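First the structure, in the form of structure tokens, and then the observations on it.
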Amino acid sequence: MKILFITSNRLGDAVISTGVLDALQKRYPAAVFTVVCGPVAAGLFEPDPRCERVITLEKRRHDRHWLELWSACVGTRWFMVVDLRGSLLSLTLRTRRRLIVQGGRRDGRKIEQLRDALGRHKTPMPRVWTSSQHDKTAEDLLAGGPWLALGPTANWDGKIWPPERFVALAEGLRRQGMRPVLFYGPGDAEKERARPVLEALPEALDLGGDRSLGEVAALLARCALFVGNDSGLMHLAAAAGTPTLGLFGPSRMSEYAPSGTEAFAIAAPGPEGKASLEDLSVEAVLDVAKAILAGNAASFRTCP
């Protein structure tokens, strides 16, 4: 019983889609899965024991990536094709059943849009997969604690809370015994965005860069709190079960708030989609962070 699962190229959207994959795995316990996603999200699915293959969809000129994907999939007779990208490719494959989510932007939480499009009554909550080696590495690197995970980067500068405010937040939570640890993605651009915080917090543990997503998920799961910008890393932290506080400015909290049992969010003052993170104060974020740690931040919770 083979199921093809086509999800997003972007990490955040791919993390959100893991709840759908998890629901399918529970519904079809004998099935094995082939996952199609972008290169940045591939590591999210590789530790999954039910995933027999991950196909990375790298964009090519003249949409040749879709032809290459078709060639990789057309020879299989699928039990089900689940396409969260609404591609024409899904209509050309042999399968007993198709679930196709049409593209385009809609109102409401992204995770709830998936629920409604798939006709489910319960929202499919994101999850992560880790290996025993990932867990062992996380245990070795993050002994002690409690650890405050900071995610000071994002894919564009407008979504980044000023670095000096992350520093002030870490200093404010140090009084509660929290030890800072920084996470960020691979590449020079991510390193440069994280550098001001790293330089201002020399005692912080630097765990950013070129780590597998399974390892990052295992590390995040050992942290007492994650505070970070709206990013794939924020969604990963929430999916790992880490108490997560997402910071929103010009991006839409109503659409991309983190999802999880311990997911929280705060937005800068101003109209949604136009607010500036320059207007989100350290005091406001620190108050919510302390409330999360104390277990009384219900008004900032983003999932029931």
Side-chain angles (χ1 to χ4, degrees), residues 8 10-19 40 105-114 123 125-126 148-170 172-173 182-185 189-190 193-194 196-197 220 223 225-293 296-304:
S8 178
R10 299 192 302 178
L11 178 58
D13 287 309
V15 173
I16 292 171
S17 78
T18 59
V40 71
R105 195 161 196 168
R106 294 179 287 277
D107 292 334
R109 294 280 300 280
K110 190 75 173 180
I111 192 170
E112 292 167 356
Q113 292 173 22
L114 290 179
T123 301
M125 299 303 291
L148 168 65
L150 299 176
T153 67
N155 61 344
W156 54 284
D157 290 344
K159 292 168 65 176
I160 295 177
W161 199 40
E164 65 274 11
R165 299 187 192 178
F166 277 104
V167 175
L169 176 71
L173 290 174
L182 265 68
F183 292 89
Y184 50 91
E190 284 279 302
R193 286 179 171 130
V197 182
L220 288 167
C223 295
L225 176 66
F226 172 92
V227 181
N229 304 311
D230 172 22
S231 65
L233 186 61
M234 175 198 72
H235 290 290
L236 188 65
T242 306
T244 296
L245 177 55
L247 311 179
F248 286 79
S251 55
R252 295 182 177 274
M253 190 170 75
S254 62
E255 186 174 3
Y256 278 106
S259 301
T261 57
E262 292 294 325
F264 305 84
I266 183 173
E272 187 176 61
K274 297 180 180 179
S276 170
L277 279 167
E278 292 283 348
D279 298 326
L280 182 60
S281 69
V282 173
E283 292 75 18
V285 176
L286 184 58
D287 285 347
V288 180
K290 288 178 177 178
I292 294 171
L293 292 170
N296 57 9
S299 62
F300 294 90
R301 191 180 294 276
T302 59
C303 288

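Being a predicted model, the structure only gives us computed values, none of them experimental. If you read the sequence from its start, that first residue is 1, and numbering goes on from there.
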Contact summary for Leu182 and Ala194, nearest pair of heavy atoms: CD2-O, 4.2 Å
Non-hydrogen side-chain atoms of Ser254 and Lys110 separated by less than 4.5 Å: no
Glu262 side chain near Cys303 side chain, heavy-atom distance below 4.5 Å: no
From CG (Leu277) to CG (Asp230), nearest 0.5 Å: 9.0 Å
Closest heavy-atom pair and its distance - Met125, Gly260: CE-N, 3.3 Å
Residues Arg165 and Glu278 bridged, charged N to O under 4.0 Å: yes
Contact check, side chains of Phe183 and Cys223, non-hydrogen atoms, under 4.5 Å: yes
Side chain Asn229, main chain Trp161, donor-acceptor under 3.5 Å: yes
CA sep, side-chain torsions, deciding dist, call: Val282, Glu164, side chain to side chain contact (heavy atoms under 4.5 Å, CB included): CA-CA 9 Å; Val282 173; Glu164 65 274 11; over 6 Å; no
Ser231 vs Tyr256 side-chain heavy atoms within contact, under 4.5 Å: no
Pair Glu112-Thr123, side-chain donor/acceptor within less than 3.5 Å: no
Spatial distance of atom NE2 (His235) from atom CD1 (Ile111) [nearest 0.5 Å]: 9.5 Å
Validation row: Ile160, Pro152 side chains within 4.5 angstrom (heavy atoms): no
Evaluation steps, side chain to side chain contact (heavy atoms under 4.5 Å, CB included), between Leu220 and Leu233: CA-CA 9 Å; Leu220 288 167; Leu233 186 61; 4.0 Å; yes
Atom pair CZ (Phe300) and CG (Leu245), whose distance is rounded to the nearest 0.5 Å: 8.5 Å
Atom of Met253, atom of Glu272 and distance for their closest heavy-atom approach: N-OE2, 3.2 Å
Polar side-chain atom of Glu190 near backbone of Gly185 as donor-acceptor pair, under 3.5 Å: yes
Any donor-acceptor pair under 3.5 Å from Thr244 side chain to Thr242 backbone: yes
Closest non-hydrogen atom pair between Ala238 and Ser259, with its separation: CB-O, 3.5 Å
Phe226 vs Pro258 side-chain heavy atoms within contact, under 4.5 Å: no
Thr18 side chain vs Val15 backbone, donor-acceptor pair below 3.5 Å: yes
Donor-acceptor under 3.5 Å (Arg252 side chain, Gly108 main chain): no
Phe264 side, atom CZ; Ile292 side, atom CD1 - distance, nearest 0.5 Å: 5.0 Å
Leu114 versus Ile16, closest heavy-atom pair with distance: CD1-CG2, 4.0 Å
Minimum side-chain heavy-atom gap Ser251-Phe248 below 4.5 Å: yes
Min side-chain heavy-atom separation Leu247-Met234 under 4.5 Å: no
Residues Arg193, Asp157: salt bridge by 4.0 Å N-O rule: yes
For the student: nearest non-hydrogen atoms of Leu173 and Ala289, plus distance: CD1-CB, 4.2 Å
